[in-house]
There are 6 protein chains.
Amino acid sequence: MLASEFIEVFDAYCPPALAEAGDPVGLHIGTLNKPIERVMVTLDIRPETVTEAIENKADLVIAKHPPIFRPAKRLNTDNPQNKMYADLLKHEIAVYAAHTNLDIIENGLNDWFCELLGIKETSFLTKTHELDGKEYGIGRVGNLSTPLNLNDFAKKVKKDFRLDGLRLVTQHPEKLVKRVAICGGSGEKFYPDALAKQADVYITGDIYYHTAHDMLANGLSAIDPGHHVEYLCVPKLVELFNEWKNEFDWSIEFIESKANTNPFQFM
Amino acid sequence: MLASEFIEVFDAYCPPALAEAGDPVGLHIGTLNKPIERVMVTLDIRPETVTEAIENKADLVIAKHPPIFRPAKRLNTDNPQNKMYADLLKHEIAVYAAHTNLDIIENGLNDWFCELLGIKETSFLTKTHELDGKEYGIGRVGNLSTPLNLNDFAKKVKKDFRLDGLRLVTQHPEKLVKRVAICGGSGEKFYPDALAKQADVYITGDIYYHTAHDMLANGLSAIDPGHHVEYLCVPKLVELFNEWKNEFDWSIEFIESKANTNPFQFM
Amino acid sequence: MLASEFIEVFDAYCPPALAEAGDPVGLHIGTLNKPIERVMVTLDIRPETVTEAIENKADLVIAKHPPIFRPAKRLNTDNPQNKMYADLLKHEIAVYAAHTNLDIIENGLNDWFCELLGIKETSFLTKTHELDGKEYGIGRVGNLSTPLNLNDFAKKVKKDFRLDGLRLVTQHPEKLVKRVAICGGSGEKFYPDALAKQADVYITGDIYYHTAHDMLANGLSAIDPGHHVEYLCVPKLVELFNEWKNEFDWSIEFIESKANTNPFQFM
Amino acid sequence: MLASEFIEVFDAYCPPALAEAGDPVGLHIGTLNKPIERVMVTLDIRPETVTEAIENKADLVIAKHPPIFRPAKRLNTDNPQNKMYADLLKHEIAVYAAHTNLDIIENGLNDWFCELLGIKETSFLTKTHELDGKEYGIGRVGNLSTPLNLNDFAKKVKKDFRLDGLRLVTQHPEKLVKRVAICGGSGEKFYPDALAKQADVYITGDIYYHTAHDMLANGLSAIDPGHHVEYLCVPKLVELFNEWKNEFDWSIEFIESKANTNPFQFM
Amino acid sequence: MLASEFIEVFDAYCPPALAEAGDPVGLHIGTLNKPIERVMVTLDIRPETVTEAIENKADLVIAKHPPIFRPAKRLNTDNPQNKMYADLLKHEIAVYAAHTNLDIIENGLNDWFCELLGIKETSFLTKTHELDGKEYGIGRVGNLSTPLNLNDFAKKVKKDFRLDGLRLVTQHPEKLVKRVAICGGSGEKFYPDALAKQADVYITGDIYYHTAHDMLANGLSAIDPGHHVEYLCVPKLVELFNEWKNEFDWSIEFIESKANTNPFQFM
Amino acid sequence: MLASEFIEVFDAYCPPALAEAGDPVGLHIGTLNKPIERVMVTLDIRPETVTEAIENKADLVIAKHPPIFRPAKRLNTDNPQNKMYADLLKHEIAVYAAHTNLDIIENGLNDWFCELLGIKETSFLTKTHELDGKEYGIGRVGNLSTPLNLNDFAKKVKKDFRLDGLRLVTQHPEKLVKRVAICGGSGEKFYPDALAKQADVYITGDIYYHTAHDMLANGLSAIDPGHHVEYLCVPKLVELFNEWKNEFDWSIEFIESKANTNPFQFM
């Protein structure tokens, strides 16, 4: 089967047209015009992921974070970033990125977060697109079936995401949490919508010190579980791909990247 | 004594000319042309600090983070940021900021960090100024008298800064740490100098996920203790001000802000 | 009664949405969420107006010229501009600005100018908005019931506006004036529309020397009565507010600012 | 004699290198490579000046205000500005402009203003150039031999410049004027230097309403005699040129433009 | 007859609204408000064309290339470009330009190219406008009735355009040419459309070395006949104008410029 | 021997610091940290050059034109440009570019042009650098020992460069040529210096139609031999490299690229 045939199905599920403006989703490295047997799914493209892809003899890698963030002015391979590109090209491993479109689509990453944490009756946090008369948005806001106080809810987040640590932003750790907003990645810029939609807490990664102050000044509590919780997309996409495999009777092997690309350890 | 007389001594110690270009240090709110009796020192100007300053009947506040980051287009007091400005003006509390100049000067915040952590033989991390034939720089790099492995060193950082948590970026937690680079605040952009100056680890706050990947790709380990470790400047400045009080026989009372403005709690 | 209730009525008459793009109309200083008893109306916010507002115990000031033209990077009160903001905040006097929206709305400032000068059958000079299928514009153009020669008309303008001087731009002081264009403030950029709409003379303030040459080269005569003729809005707004007071049975006192803020005296 | 020979002498007196950056001084229209017999001096190039130059059979016009302010995208002669260019080219009348260099040089326009008003012991207002170890500046500040109160001094300015009106900006018309700053043209942006150099009053043209407020807020009084007082340069340059005529034994006739190009009449 | 009456007919044929955005078509020099007897048509306005227009006593010149490409900051006539403007103004010769609109309109220059080369069944190359529900575009693509190999077709182009040389870009000089794209002037930026529309060869002028490489890399052959082939518009416009002369019974004489303005000779 | 050792010698001859600002010279693809046995020299990196380098088992390619002109946003190999990069990386062929520095250095490409054409007593055309007290410049201007008329000189250029055609820009083909300016590549922007330095003709590639008109208007004749004459650097560099090989006793094989990358054929 050709890589392009697989991507056709993937794009129908997760359309590039639903990415944020300027977000470089799609084919980054290599070609889709070739047969594939092994597809690896990963959060990041890092040296250890490239090694893993080579060892797994992957033909195609699906990545959540686009590997070429800054256009390459040079391809000198003493630079570790360029070295990764060269290794992928040398081993003819194509890389295809789904980034904010995976945060926006229905049955996408933010929905999987809600499912994991027991957040129900969800709608999007911030509107991003209108397509064929239907509205789409990034992030989600919804309700807990059983309200918890904030401290206990933060512990639940830590346990459900299997984190070794998280950062809590609040002046009222005992307040009851009923309504939760969430946005994977670094969603701090959407916090005014969390306020407007009456969330009791906002879960998002990489909150900056002075933004945390702004949140507190506006009476919003927040949980920062880091950026790496997006790893959840790896097993979920593999699960979804295996469903398609059955449905369409494909003979492709789908592989979860096992390399841990979380750069942070909590102490 | 006039506020301006006190600031004259303070500016000689911590010259505004040694701040980074565009950093808005100096008088932010009120006037220096008035007598003062009580000076409060704080890391941030937040609603709780303003309350504290009012209760302490402070005439002047020295802050590490400039309170007006974004020029005020309006002064409508329904906005909590503007409300703080109005309360300070109403109670005639002047605010004076020393920011990156305090990170750069000798016997300044980064030196106090080194002292606390036992880092010796220090020089600056990144050159920023040349003044009267002398070089100045931000951050410090120096050596531990007793090398430790990285894990143990990170624990020492956590203990010495009394943190409830920190983030470690490394692929080699067992490596021996002899040479340490440090920069208070958000110093991630200076990491290439930490590499160039052979630091075994770089301590700085607010490291972004993708920068952490770049650090690892370049073989640099890092410790992110957050942005709030800068609180150390509060007792240290008060200590220094009291020395001046004795030396110059001032009758001013110097007060440490006790309000905790750290927006993050680790779990 | 709350300030916000009064402003709701005022905004219905003079919608902020009808201001020029980027014109900073609306609440500038303080809050509308408070009871009011005394409202002062002024053209400019200057030190003498602030003194007057304090003496009058005004709770709210309506100003034609927005007091914060340049965003405030500092609030150091040695600067006379910042001193005014501090005094207003200290005395809890809110300031609300209606600027170009008052020049554009029907039954607004330019209409009052026409009424004063006997200009009839008016329409707008330059279209600015289309709202709910209706067109709005700035300035007015209309006809005199009794044509006058230009010299006599200029004398009439001087007398009606009670000016101590004005500037006349013409090569034909004896020409008959039937059709008049007018725009309060500094409206020199709209002069091509005065030409296109066959005005015999264009009345507007602050005409620049080289623009005056351009007007003459294009055969347009002009009268520059200065910028301060906009003072007319002060008694007219107070008159209007008192009508509302009767209509809605308010117990607010409306006060005309008497401070003369015209910076120019003619000799 | 060639136009270029005359201009060589003129440029030595009034070097183009002493104009403000970007000020388009020098040859604007025609050529200097031709014999000349009649040179006309004018403040502005306007249709009536062009007519006058044609009637006077001038070969060269020296103008204080550069005739091409905005680069010409078209030369369609239905536009009155382009028509002037075409008429000058058709009659082979060259135009050469000295603008801010004439405001800056020693024995230039601002010095002539001081001479006229009896201002002595002058130095420049705002430094603009350093050339061959010598400093140059625009505007002048100096002292009156006999102090006058401001009202009387303004009357003297009106009389000496033969104005039909001027605008006075002050809150203290009775204050004594000893030290005067002056800058021809539109010099409002230099007012902070008038303050810094302890001027009791600042004379400059085209002051904008809101700048007049800033001047008052800073305690500076000002006199705005308009932009056309620069006309003084016309007789003064002709006088100077006739001195050169005697000195170098030239047979050129120098003509003062008599066309009144002041677009404003005071009423 | 007035120039404006002639231009009214011309504009109906070749509407300025169909020029590319920013293309300075229309009246460049002089006025249309005058009687005309002789109209000259030219490709370029160069010194020799101006001489010719003067000798022919032309009242109006129609030019394909707008004479004022860069706005004139000065009109000093020692500069040869300004000298041409001065000569035209002096002799009251108006200049009117039709540029890309002549490349876009139906029965315009690109259609005349197709006619000359036997290209049939044409449609535009690149869409530029949508006007009154109709689409317009620049360049043309169409088919040869008799396919030729590329070498022979290039020889035909050279012969039909009477060129002394041309440049061929190909890796397959023997390939059969059936479908041809063409765009007068410098149309290299439209080459992706020639590819998309399956042209076997693309004819356009002034191809840059590195663009030629890009064309080859994408498998496109090209013929560069230079920029001067646009001269074809001169006899064709005169032919068309003479048809109108008959139709409307005008007494104007239409003149082809004979000056050769091709700056290049091939060797 | 390492590639870096060879490049050290090459850089001493042709310093990157002597390239024009922003010109991306230096290592573009691969690494210099590897042993080399075969070095190929080429003008352009095109698909046929890459094929040739692979067949020649080259380890390093020295190219006159930098292969990455536009930073690569993607490395999808369906794009022929990216395909070249991938093939080079896959075969571990490094690419190093010397571009305008080779046009500027002494004993560089422009000097080889002069040698070929018999131009003596040369100096640079346009100054570009001052380094260690010495001036450097791009292009050359010098004299012919035997003056020729322009037509004959153009024929000599065509013959010496073995061209199938060239373009001549002149109004005086019979004029005598004694002094010649030359600049490889596209040097049309330097033509004012050719004028200033009294060249009778200027040789440079890719002259644009409207620039050719400007040259003629200024009385300058020009010869456009195309961009590909720079191919001369290929044999000259290989000759130079073989001299170094003898001098330093290297065992590297130096190979001239034989692929013809000239995209143009003259007809």
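Note that these values count all heavy atoms, side chains included, but never hydrogens, waters or copies made by symmetry. Every chain is numbered from 1 and lettered A, B, ... according to where its sequence line falls, protein lines coming before strand lines.
- With respect to chain F, the highest number of heavy-atom pairs below 4.5 Å among E:V157, E:N218, E:T261 belongs to E:T261.
- Taking CD of E:E20 as the reference point, atom CD1 of E:I104 lies at 5.5 Å (rounded to 0.5 Å).
- Salt bridge E:K64/E:D103: present, at least one basic N to carboxylate O contact under 4.0 Å.
- Heavy atoms closer than 4.5 Å to chain E are found in the side chain of F:L216, but not in its backbone.
- With F:T204 contributing its side chain and F:C183 its backbone, the two residues share a donor-acceptor pair below 3.5 Å.
- Tested against F:V180 for a side chain to side chain contact (heavy atoms under 4.5 Å, CB included), the candidates F:L117, F:D200, F:V201 yield a single pass: F:V201.
- Taking E:Q265, E:H213, E:M215 one by one and counting their heavy-atom pairs under 4.5 Å with chain F, the maximum is reached by E:H213.
- Proximity to chain E (any heavy atom under 4.5 Å) is shown, for F:K155, by both the backbone and the side chain.
- Heavy-atom distances place the side chain of F:P80, and not its backbone, under 4.5 Å from chain E.
- For F:N151, the parts sitting under 4.5 Å from any heavy atom of chain E are the backbone and the side chain alike.
- For the set F:D206, F:I207, F:V169, F:L166, the count of heavy-atom pairs under 4.5 angstrom toward chain E peaks at F:L166.
- Contact of F:I223 with chain E is not made at all, since no heavy-atom distance falls under 4.5 Å.
- When atom types are taken as modelled, the side chain of E:N76 and the backbone of E:N82 share no donor-acceptor pair closer than 3.5 angstrom.
- Contact annotation for F:S186: only side-chain heavy atoms (C-beta onward) come within less than 4.5 Å of a heavy atom of chain E.
- Classification of the F:H65-F:H227 ring pair by plane angle, with boundaries at 30° and 60°, yields perpendicular.
- Residues E:F113 and E:F161 bring their aromatic ring centres within 6.0 Å.
- In this structure, E:D160 pairs ionically with E:K156, as a charged nitrogen and a carboxylate oxygen lie closer than 4.0 Å.
- For F:D214, the parts lying near chain E are the backbone and the side chain together; criterion is any non-hydrogen pair under 4.5 Å.
- Options E:K158, E:M84, E:H210, E:Q81 differ in how many heavy-atom pairs under 4.5 Å they form with chain F, and the most are formed by E:H210.
- Of the two parts of F:R167, the backbone and the side chain both hold a non-hydrogen atom closer than 4.5 Å to a non-hydrogen atom of chain E.
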